[in-house]
Amino acid sequence: MKTESTLEKILASGNLAVTSECGPPRGAVPDKVKEKAEMLRGYVDAVNVTDNQTAMVRMSSFAACVIIKQMGMDPILQMVTRDRNRLAMQADILGAYAHGIDTMLCLSGDHPHFGDHPQAMNVHDIDSIQFVQMVHTMREKGTFQGGDDIINPPKMFIGAAANPFADPFELRVARLAKKAKAGADFVQTQCIYNLDKFETWMKGVVDRGLHEKVHVLAGVTPMKTAGMARYMKNKVPGMDVPDEIVDRMAGVPKEKQAEEGIKICVESIQRLKDVEGVSGFHIMAIEWEQKVPEIVKKAGLYPRPEIA
Amino acid sequence: MITAERKPLEEIIDSVKPFQRILLVGCNECVTVCAAGGRKEVGILASALQMNFMKAGQTIDIKELTLERQCDPEYVEELSTHMDQVDAVLSMACGCGVQEIARRYKDKPVLPAVNTKFMGASERQGVWAERCQGCGDCLLGLTGGICPIARCSKRLLNGPCGGSTNGKCEISPEVDCVWQLIWDRLKALGMEDRYEDIMPAKNWQTGRGGGPRKIIREDLAE
Amino acid sequence: MKQFEPVIVAFCCHYCAYTAADMAGSKRLSYPANVNIVRVPCSGKVDAIHLMKAFEKGADGVYVAGCLEGDCHFKNGNTKVARRVAYVKKLLDEIGIGGERLEMFYMSAGMGERFARVATEMTKKIRKLGPNPTKAMSTGNQGEAVA
Ligand code: SF4
Ligand code: SF4
């Protein structure tokens with residue numbers, strides 16, 4: 001094992017891993033973090049904690065991760081290159097590791113343009129691939145990005161994001177290859193609605209043997225309403241929602257749409273389980289965490305394996 | 001070139017209000033080309049200010065002048081004969097020109113009349129777009145001659161991010177995704193294999209990160 | 001009280017509007033004497049600074065008259081100046097002179113009636129707007145649009 005990470009152990013055991021996410025509150029309310037995390041206890045192997053998601057200020061991922069860790073669960077520290085330079089990033093990684101946080105996700109982050117502080121300067125000192133490289137160097141060489149030795153180097157299990165649906169499609173496998181080369185241990189994908197396209201991408205990944213270098217966790221998000229499906233289709237950059245999904249959501253009465261959304265989500269997981277190279281699932285139920293247990297159970301991913 | 005845009009008139013009017021005699025100075029270089037602060041714009045601004053004050057029954061004395069190059073001490077010297085007849089200088093040059101005047105004429109307020117924007121190129125008649133951020137260590141040779149530092153919204157050296165859609169950047173359908181452009185160009189050059197080389201984290205010391213910069217050419221410097 | 005008589009400057013292209021003015025004259029179509037014609041070799045020759053200076057020197061209204069679309073003798077002088085007119089209109093708004101005092105018109109050499117009508121309508125409109133606000137203090141407020 002490269003790290004102490006529970007997620008690494010689950011993946012190494014050959015079980016399909018399950019992660020979910022928790023968006024910290026927009027205020028100093030620790031109970032909100034606990035409440036969200038508690039809903040996920042026992043149903044997921046690790047909980048992503050977002051970092052100023054959609055460029056809106058929230059409780060820091062680091063602090064929320066500590067709260068979740070203290071609850072005896074396994075948080076995944078998300079960090080974006082938008083808000084921190086390499087000094088701040090490495091400092092926070094040391095701090096997080098000192099609190100027993102051993103799994104993280106390296107991202108570039110949404111542009112501030114989308115958030116509540118469009119006036120803010122974005123940092124982007126390094127990009128997400130260089131970020132993965134940096135955390136990898138900290139772990140494997142025990143040095144900071146600047147070259148100095150680290151006392152007790154943090155051993156992070158390193159995650160990154162992959163979006164098979166963004167353009168240009170022909171670069172999407174190559175980009176995963178770059179992340180693997182940089183040292184990513186796992187990736188969590190963008191929400192998958194276009195399963196055919198995902199399978200095409202995944203075949204490219206498997207053909208190059210990349211799935212043996214980096215674990216691919218397939219991302220899924222249950223839709224609450226037909227409106228949400230339409231919004232995601234038309235308004236979210238890099239999101240691919242086929243018409244069939246929108247039509248299927250719109251085809252049921254409003255009060256049944258949430259149920260239909262869960263059904264679609266579960267069916268997707270069932271189908272994706274059989275796709276070669278898929279090592280697990282990342283269930284992003286945005287402000288709908290209470291539905292995660294149901295999805296996990298219905299998808300046959302429950303109970304979660306006990307790993308010592 | 002360095003591009004600029006005239007400030008809103010209201011802001012300019014406010015800034016010159018305390019002064020009676022103004023020396024309005026344009027520049028014949030970049031700001032002329034991007035139609036922000038050349039002789040023409042100086043004339044138009046002078047006329048607009050004049051009318052604005054006439055309207056209120058006031059007068060303002062505006063002397064118009066356009067220098068060959070406002071960022072060059074040699075030309076800025078030409079202003080010296082006018083300085084004792086004016087209360088303030090209103091400059092239509094880029095920030096470099098404004099500062100050159102401030103450096104040379106220590107006791108005269110100098111006000112900017114334009115907002116200096118970026119180093120860019122003309123895309124077509126009347127349209128200018130950002131091209132370079134002067135990082136001090138040009139890597140265009142690796143990126144097909146297209147700069148990701150100046151033109152990627154997230155300054156990714158290993159792009160594109162997951163928001164690239166139909167060749168456009170995630171921040172707006174009006175903005176090209178520079179990594180799509182780079183990729184297309186690498187393909188055209190038969191350099192696709194370059195794509196998977198990881199570009200290492202940039203050393204920003206050669207850029208603004210290293211503090212204010214200076215170039216000294218030993219053979220020319222006096 | 002004496003009616004306000006505006007000063008109007010019309011930049012007229014030699015190939016169309018200027019000839020149209022001649023035509024109006026020979027047809028004995030009357031148009032207001034307020035309109036002062038400046039002949040230009042092409043409407044595209046009129047620069048923003050000319051429009052500004054006309055107002056600065058006391059014009060109450062200004063217009064540019066160029067050839068019909070596609071008929072410019074120099075390809076597109078008329079569409080170019082139209083954009084300049086739009087630009088100066090905004091500028092005039094910004095300094096409180098009022099962009100509506102400046103207009104762009106198109107006509108052909110044979111449109112004597114149109115020339116006379118444009119001149120009349122523009123004069124009427126400016127008369128209603130009142131004097132150029134830059135003159136307001138010196139001439140005593142005559143118009144309604146004094147800032
Ligand atoms: S790489 Fe640096 S120097 Fe070259 S164009 Fe981009 S910002 Fe300018
Ligand atoms: S969409 Fe393209 S240009 Fe925009 S941030 Fe992403 S990689 Fe950069």
Side-chain angles (χ1 to χ4, degrees), chain A residues 55 80-82 85-86 89 107-114 118 122-134 136-137 145-146 160-183 187 189-191 208 219 234-240, chain B residues 133 135 137 139 142-144 146-188 191-210:
Chain A
V80 297
T81 63
R82 180 195 59 221
N85 69 7
R86 57 192 95 176
M89 290 170 133
L107 306 167
S108 55
D110 295 316
H111 195 272
H113 172 80
F114 295 105
N122 44 13
V123 181
H124 299 306
D125 175 16
I126 56 176
D127 69 18
S128 56
I129 287 178
Q130 295 157 349
F131 185 7
V132 168
Q133 223 171 17
M134 179 174 82
H136 191 254
T137 305
Q145 207 259 357
N163 185 357
F165 308 107
D167 291 320
F169 182 65
E170 54 187 332
L171 274 189
R172 290 295 146 186
V173 172
R175 208 167 142 68
L176 182 71
K178 271 182 109 164
K179 290 197 171 173
K181 195 155 127 191
V187 293
T189 76
Q190 170 71 292
C191 326
R208 287 189 57 175
N234 300 323
K235 291 275 152 58
V236 184
M239 186 78 84
D240 182 346
Chain B
Q133 284 193 347
C135 73
D137 183 13
L139 44 76
L142 303 173
T143 55
I146 301 173
C147 177
I149 297 172
R151 299 171 68 182
C152 168
S153 302
K154 299 181 191 167
R155 216 185 290 151
L156 304 181
L157 294 187
N158 297 282
C161 73
S164 179
T165 311
N166 296 321
K168 298 298 173 188
C169 173
E170 70 169 33
I171 68 158
S172 157
E174 308 295 316
V175 178
D176 287 330
C177 169
V178 79
W179 273 100
Q180 176 79 56
L181 299 180
I182 292 172
W183 173 241
D184 291 346
R185 180 106 167 102
L186 289 179
K187 274 197 297 188
M191 286 164 53
E192 292 97 317
D193 51 326
R194 280 276 182 89
Y195 177 77
E196 287 197 27
D197 298 342
I198 296 179
M199 270 210 253
K202 190 147 173 85
N203 176 356
W204 297 112
Q205 271 177 297
T206 57
R208 186 58 190 85

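Sequence lines set the chain letters: A, B, ... in the order given, protein chains first and strands last, and positions in each chain run from 1.
- With A:K178 contributing its side chain and B:G159 its backbone, the two residues share no donor-acceptor pair below 3.5 Å.
- Top candidate by heavy-atom pairs under 4.5 Å with chain B, chosen from A:D127, A:V123, A:N163, is A:D127.
- Neither the backbone nor the side chain of A:R82 comes within contact range of chain B; no heavy atoms are under 4.5 Å apart.
- When each of A:I126, A:L171, A:I129, A:N122 is scored by its heavy-atom pairs under 4.5 Å with chain B, the top score falls to A:L171.
- Per-residue counts of heavy-atom pairs under 4.5 Å with chain A were compared for B:D184, B:L156, B:L157, B:I171; the largest is that of B:I171.
- Relative to the six-membered ring of B:W183, A:R175 misses at least one condition, a distance below 6.0 Å or an angle of at most 45° to the axis.
- The contact between B:P160 and chain A is made by backbone and side chain atoms together, counting heavy-atom distances below 4.5 Å.
- Shown here is A:E170, whose CD atom has more than 12 heavy atoms of other residues, nucleotides or ligands within 6.0 Å.
- Taking the side chain as every heavy atom from C-beta outward, B:W204 and B:I149 approach each other to under 4.5 Å.
- Heavy-atom pairs under 4.5 Å with chain A were tallied for B:G162, B:C152, B:G163, B:C161; the largest tally goes to B:G162.
- Two residues are said to be in side-chain contact when any heavy atoms from C-beta on lie closer than 4.5 Å; A:L107 and A:S128 fail this criterion.
- For A:H111, the parts sitting under 4.5 Å from any heavy atom of chain B are the backbone and the side chain alike.
- Here the side chain of A:T189 pairs no donor or acceptor atom with the backbone of A:A162 at under 3.5 angstrom.
- With a 4.5 Å cut-off on non-hydrogen atoms, B:K202 touches chain A through its backbone but not through its side chain.
- Interface remark: A:D125 contributes backbone and side-chain atoms alike to the contact with chain B (heavy atom separation under 4.5 Å).
- Here the side chains of B:Q133 and B:R155 are in contact, with some heavy-atom distance below 4.5 Å.
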